[in-house]
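The structure under discussion appears below in the form of structure tokens.
Each chain gets a letter, A, B and so on, in the order the sequences are listed, and its residues count up from 1.
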2 protein chains.
Amino acid sequence: METESWDDIRAALAVARSGTVSGAAQVLDVHHATVIRRIDALEARLGARLFQRHARGYTLTEAGRLLLEAGAAAEARFSQMAARISGTGERIEGEITVTSVQGMSDLVMPRLVALMRQHPGLRLNYTTDTRLFRLDAGEAHVAIRAGAKPVEPDYVVSPWLRLAASLYASEGYLAQHGPVTDPSAHRFIIPGAESRPAPHMRWLAAHLPAANIAMISNDADARLAAIRAGLGLGWLLPGEVDDLTEVMSLPDWESQLWLVSHVDLHRSPKVQAVLKALRG
Amino acid sequence: METESWDDIRAALAVARSGTVSGAAQVLDVHHATVIRRIDALEARLGARLFQRHARGYTLTEAGRLLLEAGAAAEARFSQMAARISGTGERIEGEITVTSVQGMSDLVMPRLVALMRQHPGLRLNYTTDTRLFRLDAGEAHVAIRAGAKPVEPDYVVSPWLRLAASLYASEGYLAQHGPVTDPSAHRFIIPGAESRPAPHMRWLAAHLPAANIAMISNDADARLAAIRAGLGLGWLLPGEVDDLTEVMSLPDWESQLWLVSHVDLHRSPKVQAVLKALRG
DNA sequence: CATGAACTGTGCGAATATGCACAGTGGAGG
DNA sequence: CCTCCACTGTGCATATTCGCACAGTTCATG
């Protein structure tokens, strides 16, 4: 009777999120039969159905929604705890999680590689995503952010690099369209809506209509391929590639990057080592 | 690597609370060896020690304190969830948790017994304690409270009984000390500090010095035994026993009782049935 | 309407975790 | 200083759980 299992809750949370038992099993890295059994047990203990079973998946009941809330809250709390525990150690070892906006790896990785060589006990987790990671939810130890200075309380923020993206074109494009003097005579290849706050994107939106946009993609490789194919002009960081020609560069396009850590972890040797390596 | 177990956290929480592996094992109803293994696994995954091992028990490290916080928060969230799930059902069955101040069982139990007979699918959990249970933490479905009207938001409060404790004495005591006319000529047997807000206790504190107190005990049976032995006068509810004599009763000693439920559960048939049974 | 894909659900053998017995440890008390 | 006691820690047999294979169901698609 009093037998209680938090792992059953964890399993149910995964099912609630993915909508299917199979998907949850994949996330949890167990067999789907195990997930079914855990949920059966949990429902029996709670005395209520959490899901409406269906041959194509599970949908949440009212009770299931309550579980989703409670489970998600606990998960956030646990991952925050794990990050703080693994972050507050006095030694520079164990896992270190660094998050960044996409497209920084050429800049970031050499420095992090040097850090790893210096401290062989470190395990690096470098994750990029368009969404911002929440340091207080334990999703990262150090975050690299672009744009306005982050103002969240409990975050320690220090300025890092100022980067100026430049406009690039392929040789074939230039041979066909001639040199770039008036931007409105050209078409552009740009990232998705999540990059709209970037300086060069604001400049584009302010100066040219939508008709000048040839392609939108959130995939950097796809954009690069498009530029190489001569579909239009695109912004890259200087030195990112060597087979394209820089055709334009404005001081307005300069963007500030920030190094961000959580106040609880900022003083720890490990986080300090990461920050130093990045500043290096 | 990605293997994670919330049950390990649960085990560590129990150890953090009890201070010993054995105590935790007792609470969790598993063997103490199991608890040791779970904690070893959890610490290995977190890459940090949660406890300082000792032949006499485990003491918390800084990381352990973080775990205690996170684990306790999750546990509270889970039990709240369980209460809401088992409470919001449309049918009157499953577990129902009623909490009350001590000494009410003669009053409460007959009504709850009638409720149970009416709904055989119910499992009753009737818990009394000096501390107040938190309905929003899922510790109870219905609470009986004494004193000032509870004002917590999200609580649905309705007045229940007004009880007036009376002063009782044993025959032996009266034979020795004569009838009670001036209270200051007598000594008293009273409950502990947690009952100080009760009306008759406030009256006592206001009218008589500490010298008139013969005995303090939070155990009702012990107080009753003391009164029966003639150690002094004590307050009881009328009808509680039949071998003692009521010697004094003041309207000031009347105390209001409240029936309290959480707003999320109050409309459910099960909680409504409990409230009706208690009011009946 | 037939086919296929993706999912849920269950019996059975294998892997895993559990309980037990016993050894080891350190502090309290006389 | 010694004994006792409550606790932690570990091999081993066992019980429980897990993964696998396969059956059954539903829905999308041509």
Side-chain angles (χ1 to χ4, degrees), chain A residues 1-65 67-68 71 75 78 85, chain B residues 1-65 67-68 71 78:
Chain A
M1 190 61 222
E2 182 43 52
T3 159
E4 185 182 337
S5 170
W6 287 8
D7 280 336
D8 289 356
I9 297 177
R10 193 167 105 90
L13 172 65
V15 172
R17 284 212 174 113
S18 73
T20 70
V21 169
S22 306
Q26 206 171 333
V27 171
L28 297 170
D29 196 28
V30 295
H31 200 269
H32 75 267
T34 301
V35 176
I36 290 177
R37 287 189 273 253
R38 296 207 104 111
I39 287 174
D40 287 347
L42 181 58
E43 288 184 337
R45 244 175 294 130
L46 289 172
R49 310 243 83 162
L50 296 167
F51 303 96
Q52 279 183 358
R53 284 107 203 286
H54 216 259
R56 306 274 309 175
Y58 279 31
T59 63
L60 287 170
T61 63
E62 192 55 42
R65 261 184 289 278
L67 179 132
L68 176 59
E75 187 192 47
F78 288 157
I85 286 176
Chain B
M1 191 66 222
E2 179 46 51
T3 158
E4 187 183 336
S5 170
W6 286 9
D7 280 336
D8 289 356
I9 297 176
R10 194 167 106 90
L13 173 65
V15 173
R17 285 217 176 106
S18 74
T20 69
V21 170
S22 306
Q26 207 171 334
V27 172
L28 297 170
D29 195 28
V30 295
H31 200 267
H32 75 267
T34 301
V35 176
I36 291 177
R37 287 188 273 253
R38 297 206 102 110
I39 287 173
D40 287 346
L42 181 59
E43 287 184 337
R45 244 175 295 131
L46 289 173
R49 308 244 84 161
L50 295 168
F51 304 97
Q52 280 183 358
R53 284 109 204 286
H54 218 257
R56 305 273 309 173
Y58 279 31
T59 63
L60 286 170
T61 64
E62 192 55 43
R65 261 184 289 278
L67 179 132
L68 176 59
F78 287 156

Starting from [atom2] on [N], measure out to [atom1] on [X] and report it in whole angstrom.
X: A/Asp8; N: D/dT16; atom1: CG; atom2: P; value: 16 Å
X: A/Phe51; N: C/dC7; atom1: CZ; atom2: C1'; value: 15 Å
X: B/His54; N: D/dA6; atom1: NE2; atom2: C1'; value: 13 Å
X: B/Asp40; N: C/dA17; atom1: CG; atom2: C1'; value: 14 Å
X: B/Gln26; N: D/dA6; atom1: CD; atom2: P; value: 13 Å
X: A/Leu50; N: C/dT8; atom1: CG; atom2: P; value: 15 Å
X: A/Leu28; N: D/dT17; atom1: CG; atom2: P; value: 17 Å
X: B/Asp7; N: C/dT16; atom1: CG; atom2: P; value: 18 Å

So, taking the atom named [atom1] in [X] and the one named [atom2] in [Y], what distance separates them when rounded to the nearest 0.5 Å?
X: A/Ile85; Y: A/Phe78; atom1: CD1; atom2: CZ; answer: 11.0 Å
X: B/Asp8; Y: B/Asp40; atom1: CG; atom2: CG; answer: 10.0 Å
X: B/Ile9; Y: A/Asp7; atom1: CD1; atom2: CG; answer: 8.5 Å

For A/Leu67 against A/Ala12, the heavy-atom pair lying closest together: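 Looking at all heavy atoms of both residues, the closest pair is CD2-CB, 3.7 Å.
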By salt bridge (charged side-chain N to carboxylate O under 4.0 Å, His left out) - contacts of A/Glu75 (at least two apart): A/Arg17
Side-chain touch B/Arg53/B/Ile39, heavy atoms, less than 4.5 angstrom: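 When only atoms from C-beta onward are counted, B/Ile39 and B/Arg53 do touch, with a gap below 4.5 Å.
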Contact state string [nucleotides 19-25 of chain D, B base, S sugar-phosphate only, - no protein heavy atom under 4.0 Å]: BBB---B
Helical bend (five base pairs per end, nearest 10°) for the helix from C/dC1-D/dG30 to C/dG30-D/dC1: 40°
side-chain contact (heavy atoms from CB on, under 4.5 Å) against B/Gln52, all qualifying residues, sequence neighbours excluded: B/Thr59, B/Thr61
Any residue meeting side-chain contact (heavy atoms from CB on, under 4.5 Å) with A/Thr34, in chain and number order, not counting sequence neighbours: A/Val30, A/His31, A/Arg37, A/Arg38
Those residues of residues 11-19 of chain A lying under 4.0 Å from DNA chain C by at least one heavy atom: none
side-chain hydrogen bond (donor to acceptor under 3.5 Å, both in side chains) involving A/Glu62 - partner list, sequence neighbours excluded: A/Arg65
Check against side-chain contact (heavy atoms from CB on, under 4.5 Å), B/Leu50 and B/Leu60: CA-CA 6 Å; B/Leu50 295 168; B/Leu60 286 170; over 6 Å; no
Closest to side chain of A/Ile36, choosing from D/dT26, C/dT18, C/dT8: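 For the A/Ile36 side chain, the nearest candidate turns out to be C/dT8.
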[N] OP1/OP2 closer than 4.0 Å to side-chain N/O of [X]:
X: B/Arg38; N: C/dT18; answer: yes
X: A/Thr20; N: C/dA6; answer: no
X: A/Tyr58; N: C/dG9; answer: yes

Ring pair (Phe, Tyr, Trp, His ring centres under 6.0 Å) contacts in which one or both residues fall within residues 32-52 of chain A, not counting sequence neighbours: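 Passing the test, one end in residues 32-52 of chain A: A/Phe51-A/Tyr58.
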Audit row: B/Thr20, B/Val15, side-chain contact (heavy atoms from CB on, under 4.5 Å) steps and yes/no: CA-CA 6 Å; B/Thr20 69; B/Val15 173; over 6 Å; no
